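Predicted model, so just to flag it, every value in this text is computed and none were measured.
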Amino acid sequence: MSRNDAAPGTATAPPRRIRRLLSLLYVQCLIGVVAGAAVGWLWPSFGADLKPLGDGFIALVRMMIAPIIFCTVVHGIASMGNARAVGRVSLKALLYFEVLTTVAMVIGLVVVNIVQPGSGLHVDTSTLSTEGLPPEATASHESFAAFVLAMIPDTLLSALTGHEILPVLVISVLFGFGLHASGEAGLGIAQGIEKLSKVLFTLIRWIMRLAPAGAFGSMAFTIGNYGLDTLRHLFLLVGSFWLTALFFVLVVLGTVMRVNGLRLLPFLRYIKEELLIVLGTSSTEPVLPRMMGKLQHVGASKPVVGITLPAGYSFNLDGTAIYLTMGSVFLAQALGIDLSLTQQLSMLAVMLLTSKGAAGVTGSGFIALAATLSAVPHVPVAALALIFGIDRFMSEARALTSLVGNGVATLAVAKWEGQLDEDRAKAVLRGEIPYPSGPEAGPASGEKPGDDGPKATAGTDRDPVAAVG
């Protein structure tokens with residue numbers, strides 16, 4: 001019997017197009033986000049209890065981040081002919097990070113002074129208390145020297161078992177140089193690490209199938225625990241922050257993409273699944289492995305991706321940069337504290353340090369703001385209580401902006417190094433070479449077998465990064 005001849009009252013199979021849409025990860029994540037928001041709004045207590053769904057998903061991905069970064073960076077460096085190229089890539093990336101972070105902070109500073117969302121609140125400082133704030137917000141914050149020393153792990157293996165990205169990057173670079181200098185002795189290890197990375201990316205693809213459940217649980221917790229009513233009181237701050245972040249992405253990052261011969265909107269469509277996962281979980285950590293794979297697939301060489309993207313998670317948090325300037329000046333306005341231009345610029349200088357190392361996890365921006373306020377005498381740390389209830393509603397914008405910023409940064413550095421296959425990048429962004437979703441696909445399936453990365457504009461397969469400059 002054909003489908004059209006089905007007996008009355010029996011359910012027919014859904015159209016093939018609907019089934020195909022429902023099989024897409026970004027559609028599943030979108031459903032999870034919307035359903036989570038609905039559950040948190042209708043049943044707040046039940047929604048708040050769903051937090052373990054999001055926490056569990058993030059924990060599953062986090063356990064894979066360190067070994068994936070290690071394998072990607074080590075194999076990329078070991079396959080290079082000129083070790084000095086790593087230093088050149090790192091220097092260009094850090095310079096880019098500092099410039100874009102400063103631009104983000106300045107934009108946030110200009111907007112908050114024009115909109116003045118805190119004016120008129122007239123909050124009495126004597127009514128403020130640090131009680132109820134997370135312990136990290138009131139703890140003493142490390143100096144810049146302590147931050148640098150924290151990049152050095154206690155042991156070689158402790159970096160792979162911790163939660164920080166920078167120590168993993170340090171060990172990976174050193175180990176990669178060691179393999180590179182060992183010649184034939186390190187060749188077998190390098191090949192084994194490459195095969196291990198393919199296994200790890202297979203595992204991460206399986207784990208990512210749980211992303212809709214993680215997004216559902218995290219969004220249900222956010223709405224159920226904090227409620228939409230808290231937005232009414234500070235809507236101007238939340239709204240202006242989201243619009244400022246959107247302006248930064250579309251105008252500033254869009255300009256960077258244009259300068260490098262690419263377009264931003266096709267890139268946003270290309271990473272739409274990752275954006276929805278970040279929207280649901282308020283964290284960029286769960287999508288780091290997939291972003292590394294997608295950036296290699298789009299045409300950036302493995303060494304550039306392996307160095308630039310993980311480093312950006314600590315040094316290029318554009319969303320957090322905007323949040324720090326807007327949040328600190330908003331609190332000053334709410335308390336009736338008139339900050340001079342010199343005081344605001346001095347706070348900006350402090351923020352250039354406190355924003356570093358704020359990993360892409362939920363709440364890290366709030367802790368970075370606490371570190372900023374504790375380092376300057378202008379605004380009391382207790383003022384954080386004014387925005388603690390709505391911070392979660394801004395964390396999504398922080399994470400989304402930082403994710404796009406790090407993706408754009410990686411493509412820009414790859415272009416400057418001559419390690420971006422522009423023809424392939426444009427074809428991928430047009431949808432002509434889709435990113436593989438099967439578990440058998442490697443992290444950069446578009447590469448030819450035996451290549452160390454996408455085809456460079458000059459040089460050999462053996463020396464993909466050092467070939468230029």
Side-chain angles (χ1 to χ4, degrees), residues 33 36-37 40-41 51 54 58 101 104-105 107-118 121 132-134 136-137 215 218-250 253 275-285 316-334 347 351 354-355 358-373 379 381 383-406:
V33 169
W41 180 47
K51 188 174 185 289
I58 293 175
T101 299
M105 288 184 175
I107 290 175
L109 204 60
V110 171
V111 171
V112 76
N113 277 283
I114 293 176
V115 179
Q116 297 192 355
L121 291 181
L133 294 176
E136 297 87 351
S218 294
M219 187 58 67
F221 165 75
T222 300
I223 303 300
N225 191 61
Y226 298 107
L228 292 174
D229 288 341
T230 57
L231 289 175
R232 290 185 306 172
H233 304 289
L234 299 170
F235 175 77
L236 189 56
L237 173 63
V238 176
S240 59
F241 174 70
W242 272 86
L243 290 177
T244 304
L246 184 63
F247 172 85
F248 178 83
V249 169
L250 295 180
L253 298 183
L275 292 174
L276 282 171
I277 293 170
V278 170
L279 177 64
T281 60
S282 298
S283 172
T284 56
E285 277 196 330
N316 189 43
L317 300 174
D318 297 326
T320 299
I322 297 172
Y323 170 79
L324 289 179
T325 51
M326 294 193 69
S328 57
V329 177
F330 166 81
L331 293 176
Q333 293 171 352
M347 291 178 68
M351 292 169 193
T354 55
S355 63
V361 296
T362 304
S364 60
F366 186 78
I367 305 306
L369 180 58
T372 301
L373 296 184
V379 182
V381 176
L384 289 170
L386 296 175
I387 62 172
F388 179 58
I390 62 163
D391 176 75
R392 184 65 184 238
F393 294 99
M394 292 185 285
S395 64
E396 290 93 347
R398 291 199 301 263
L400 289 169
T401 306
S402 297
L403 176 70
V404 178
N406 284 318

Could you tell me which residues satisfy side chain to side chain contact (heavy atoms under 4.5 Å, CB included) with Thr325, sequence neighbours excluded, listed by chain and number?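 Residues passing side chain to side chain contact (heavy atoms under 4.5 Å, CB included) with Thr325: Met105, Leu109, Met351.
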
Using side chain to side chain contact (heavy atoms under 4.5 Å, CB included) as the criterion, list what pairs up with Val33, not counting sequence neighbours.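 Counting only residues at least two positions away or on another chain, Val33 forms a side chain to side chain contact (heavy atoms under 4.5 Å, CB included) with Ala215, Met219, Leu279.
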
Using every non-hydrogen atom in the two residues, find where [X] and [Y] come nearest and quote the distance to one decimal.
X	Y	answer
Met347	Ser328	CE-CB, 3.4 Å
Phe241	Met394	CE2-O, 3.3 Å
Phe330	Val112	N-CG2, 4.1 Å
Ala399	Val278	CB-CG1, 3.4 Å

Roughly how far, to the nearest 0.5 Å, is the [atom2] atom of [Y] from the [atom1] atom of [X]?
X	Y	atom1	atom2	value
Asn316	Asn406	CG	CG	4.5 Å
Phe248	Thr401	CZ	OG1	8.0 Å
Leu403	Leu275	CG	CG	5.5 Å
Tyr323	Arg398	OH	CZ	5.0 Å
Leu317	Thr284	CG	OG1	7.0 Å

Within the distance-only criterion (no hydrogens, no angle test), does the side chain of Ser402 pair as donor or acceptor with the backbone N or O of Gly319 below 3.5 angstrom?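 Yes.
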
